[in-house]
Amino acid sequence: MIVFLDFDGVVHPRIGSPAFLPRCMEALAMALRDFEIEIVVSSSWRQTNHLLELEAFLAPLGKPVVGVTPMNGPTLHCRYNEILLFLKRAGRRNESWLAIDDDPGLFPKAAPVYFTDPLSGFMESDVLKVRTLLGNCIGGSR
């Protein structure tokens, strides 16, 4: 199972806090706990940070960071298309996945995405919802 993770609006509010917030990271870690997942960074931070830096930022989650999505340029549903391109290039097209993001404009309506409130980031109130989605993704197939 792969989780494609955005940063801005997820691990910290989109406005006012450029640093990862402990409360967001703790809630996200609680949501991912008990699931065998790998993280792929889909955030724009992949453009300015090396993979080792991204891994260090996400270390508190206790999950392996296995890559970043490719840059695919400004297209309709660009983040979704970048995820599909990552899956294709990695030979993992049939693998279950969930994106955690704050921007519905980057995905088609039927995409497997959990949207956070960009003004707060990932909160404790998101934990059970994401755990349920992860359970459904792992239990089903794509």
A.B. asks: Checking side chain to side chain contact (heavy atoms under 4.5 Å, CB included) for the pair Val130/Phe35: CA distance, chi angles, key distance, verdict?
C.D. replies: CA-CA 11 Å; Val130 168; Phe35 292 99; over 6 Å; no

A.B. asks: Any side-chain heavy-atom pair from Glu38 and Val3 closer than 4.5 angstrom?
C.D. replies: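 Answer no - side chains too far apart.
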
A.B. asks: Is there any salt bridge (Lys or Arg N to Asp or Glu O under 4.0 Å) pair reaching into residues 20-37, and which pairs are they, with sequence neighbours excluded?
C.D. replies: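 Sorted result for residues 20-37: Asp34-Arg131.
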
A.B. asks: When rounded to the nearest 0.5 angstrom, what distance separates CG in Leu54 from CZ in Phe7?
C.D. replies: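 Those atoms lie 5.0 Å apart.
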
A.B. asks: Do any pairs count as a side chain to side chain donor-acceptor pair (under 3.5 Å) and have a residue in residues 109-124, sequence neighbours left out, and if so which ones?
C.D. replies: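 Residue pairs passing side chain to side chain donor-acceptor pair (under 3.5 Å), neighbours aside: Tyr114-Asp126.
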
A.B. asks: Salt bridge or not between Asp102 and Arg14? Use side-chain N to carboxylate O under 4.0 Å.
C.D. replies: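 Salt bridge flag = yes for Arg14 with Asp102.
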
A.B. asks: When hydrophobic residues are tied together by side-chain contacts of less than 4.5 Å, even through go-betweens, does Met123 share a cluster with Leu98?
C.D. replies: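 Per the 4.5 Å side-chain linkage, Met123 and Leu98 are not co-clustered.
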
A.B. asks: Hey, what do you get for CD1 (Ile2) to CD1 (Ile83), rounding to the nearest 0.5 Å?
C.D. replies: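 Ile2 atom CD1 to Ile83 atom CD1 measures 9.5 Å (nearest 0.5 Å).
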
A.B. asks: Give the minimum heavy-atom separation between Ser96 and Cys137, together with the two atoms involved.
C.D. replies: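 Nearest heavy atoms, Ser96 then Cys137: OG-O, 3.0 Å.
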
A.B. asks: When you group the ILVMFWY residues by side-chain heavy-atom contacts below 4.5 Å and let the links chain together, are Phe122 and Met1 in the same group?
C.D. replies: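 Yes; Phe122 is reachable from Met1 via cluster members.
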
A.B. asks: Quick one: side chain to side chain contact (heavy atoms under 4.5 Å, CB included) partners of Ala90, sequence neighbours excluded?
C.D. replies: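 By the side chain to side chain contact (heavy atoms under 4.5 Å, CB included) rule, Ala90 matches Phe86, Arg92.
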
A.B. asks: Between CZ of Arg93 and CG of Leu87, what distance do you get to the nearest 0.5 Å?
C.D. replies: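 That separation rounds to 9.0 Å.
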
A.B. asks: If I take atom OG from residue Ser43 and atom CD1 from residue Ile100, how far apart are they, to the nearest 0.5 angstrom?
C.D. replies: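 Answer for the OG-CD1 pair, Ser43 versus Ile100, is 13.0 Å.
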
A.B. asks: Tell me, which pairs form a side chain to side chain donor-acceptor pair (under 3.5 Å) where one or both residues lie in residues 46-62, sequence neighbours left out?
C.D. replies: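 The answer is Arg46-Thr69, Arg46-Glu82.
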
A.B. asks: I would like to know whether Arg79 and Asp101 meet salt bridge (Lys or Arg N to Asp or Glu O under 4.0 Å); could you show each step before the answer?
C.D. replies: CA-CA 9 Å; Arg79 186 140 308 153; Asp101 206 295; 2.6 Å; yes

A.B. asks: Met25, Leu128: one ILVMFWY side-chain cluster at the under-4.5 Å cut-off?
C.D. replies: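 Shared cluster, no.
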
A.B. asks: Mind listing the closest non-hydrogen atom pair of Leu61 and Ala29 along with its distance?
C.D. replies: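 Heavy atoms only, the tightest pair is CD2-N, 3.6 Å.
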
A.B. asks: According to the ring pair (Phe, Tyr, Trp, His ring centres under 6.0 Å) rule, which pairs have a member within residues 55-83, sequence neighbours left out?
C.D. replies: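 The answer is Phe20-Phe57, Trp45-Phe57.
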
A.B. asks: Check side chain to side chain contact (heavy atoms under 4.5 Å, CB included) between Pro104 and all other residues, then give those that pass, not counting sequence neighbours.
C.D. replies: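 Only Phe115 meet the side chain to side chain contact (heavy atoms under 4.5 Å, CB included) criterion with Pro104.
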
A.B. asks: Could you walk me through whether Leu5 and Val40 pass the side chain to side chain contact (heavy atoms under 4.5 Å, CB included) check?
C.D. replies: CA-CA 6 Å; Leu5 187 62; Val40 173; over 6 Å; no

A.B. asks: If you define the side chain from C-beta out and look only at heavy atoms, does anything of Val41 sit under 4.5 Å from Asp6?
C.D. replies: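 Val41 does not reach Asp6 side chain to side chain.
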
A.B. asks: So, do Leu51 and Val68 sit near enough that their side-chain heavy atoms are less than 4.5 Å apart?
C.D. replies: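 The answer is yes; the side chains approach within 4.5 Å.
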
A.B. asks: Any heavy-atom pair between the side chains of Leu21 and Pro13 that's under 4.5 Å?
C.D. replies: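 Yes, their side chains come closer than 4.5 Å.
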
